[in-house]
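Positions are given from 1 along the sequence.
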Amino acid sequence: MEKRVIIGKKEFSWKTFFLQWEWMLVLIFILVNVINANLSPYYLNADSLRDATMTFLDKAFIVLPMVFIIILGDIDISVASIVALSSVVMADLYTMGVPMELAVVICLAVGTLCGYVNGLLITRFKELSAVIVTLATMIIYRGIAYILLEDQAAGKFPEWFKFLGWGYVGSVPFILIVFAVFAVFFALLLHKTTFGRRVYAMGSNLTASQFSGIQVDKIKILVFTLAGLMSAVTALFLTSRMGSTRPNIATGYELDVIAMVVLGGISTSGGKGRMIGAILAIFLIGFLRYGLGLVNVPAQMLLVIIGLLLILAVMVPNLKGYLRKWVKI
């Protein structure tokens, strides 16, 4: 007979615990590292693996609020355009003589404002889905970036700005430390606060949440505003790492971010998922790309592999149902 432990009012089952998608991600992550290590003798190098995080963690900042958005049952495909607009505004202001410190603050403000506009439009025009609204703003924000810089590049930032993308605190990349702080904050916000519980409730049943007194519009606006803010944070680190910016910066980031969230086990129907799954997916895809890049695997093949992983992530809920019946949970 299976041993069960009662925790509060919930019954804990070890079988259920090990059937969680996060454990599957851990196994896939181990498998990816084993395969990469066999493909390239240069993969299992601590310094290289540490430095590799600097090449993919910039977009990881957007993953954190995107978890909230998808748990709500919504989506935001304008985040990459917000990155571009925030970066271009910052660079344009700096080239006009604005101090870099102030330009950084304005960059964050622009991203936050763009996210707020998204949330405001989604809550004011309820007949339009979030994908339609953010598709429109994606085009608008990217268009404004092109108006400001046309097809030119802007850069020549001060030396201290390069520290964001390439700096170390001791032997640890600065971007990794900042991401860890934000990841802990968003995880606690989602799993340990009333705000997080309301996000889950809204994703499970929006109508019931409204009748229970939850201020659904305010929560949606706040979540999309956070996505705008974190897109601006991504703009800072990405621009610092590249050393310059163009209006086409971060093209395709929205697809990468959504892929990481979905692969992390966040249900696209809303109301389900954990932050730890999305964080695991960030590093899984990041190291997968790094390892295959060492052996010059074509980018198209990498897209196929990530696509197969996403199909697996979508199939898992159905597979888990059959598996639970098989093990008689």
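Using a 4.5 Å heavy-atom threshold, the side chains of Leu128 and Ile122 count as separate. For the pair Leu263 and Leu25, the minimum side-chain heavy-atom distance is below 4.5 Å. Proximity of Tyr290 to Ser48: side-chain heavy atoms (C-beta onward) are separated by under 4.5 Å at one or more points. You'll find the side chain of Asp74 reaches within 4.5 Å of the side chain of Lys220, heavy atoms only.
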Pairs under 3.5 angstrom only: tabulate donor-acceptor contacts from the side chains of residues 51-67 to other protein residues two or more places apart or in another chain.
unit_1, atom_1, unit_2, atom_2, d
Asp51, OD1, Tyr168, OH, 2.5
Thr53, OG1, Arg50, O, 2.5
Thr55, OG1, Ala52, O, 2.6
Asp58, OD1, Tyr253, OH, 3.4
Asp58, OD2, Arg241, NE, 3.3
Asp58, OD2, Arg241, NH2, 2.5
Lys59, NZ, Asp256, OD2, 2.8

Name the atoms and distances for all side-chain donor-acceptor pairs under 3.5 Å in residues 77-85, with sequence neighbours left out.
unit_1, atom_1, unit_2, atom_2, d
Ser78, OG, Asp76, OD1, 2.7
Ser78, OG, Asn118, ND2, 2.8
Ser81, OG, Met138, O, 2.8

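Not one N or O on the side chain of Thr239 forms a donor-acceptor pair closer than 3.5 Å with the backbone of Leu236. Under the 3.5 Å distance criterion, the side-chain polar atoms of Arg198 are left unmatched by any main-chain donor or acceptor of Ile219.
Aromatic pair Phe163/Phe174: ring centres closer than 6.0 Å.
When all heavy atoms are compared, the tightest approach of Val199 to Leu72 is O-CD2, 3.8 Å.
Evaluation of the side-chain hydrogen bond (donor to acceptor under 3.5 Å, both in side chains) test over residues 29-42, restricted to residues two or more places apart or in two chains, returns Asn33-Tyr43. Contacts classified as ring pair (Phe, Tyr, Trp, His ring centres under 6.0 Å) and involving residues 192-234 (residues at least two apart or in different chains) are not found. Legend: ring pair (Phe, Tyr, Trp, His ring centres under 6.0 Å) pairs involving residues 121-156, not counting sequence neighbours: none detected.
In this structure, Leu27 stands alone, with no Ile, Leu, Val, Met, Phe, Trp or Tyr side-chain heavy atom under 4.5 Å from its own, directly or through other members.
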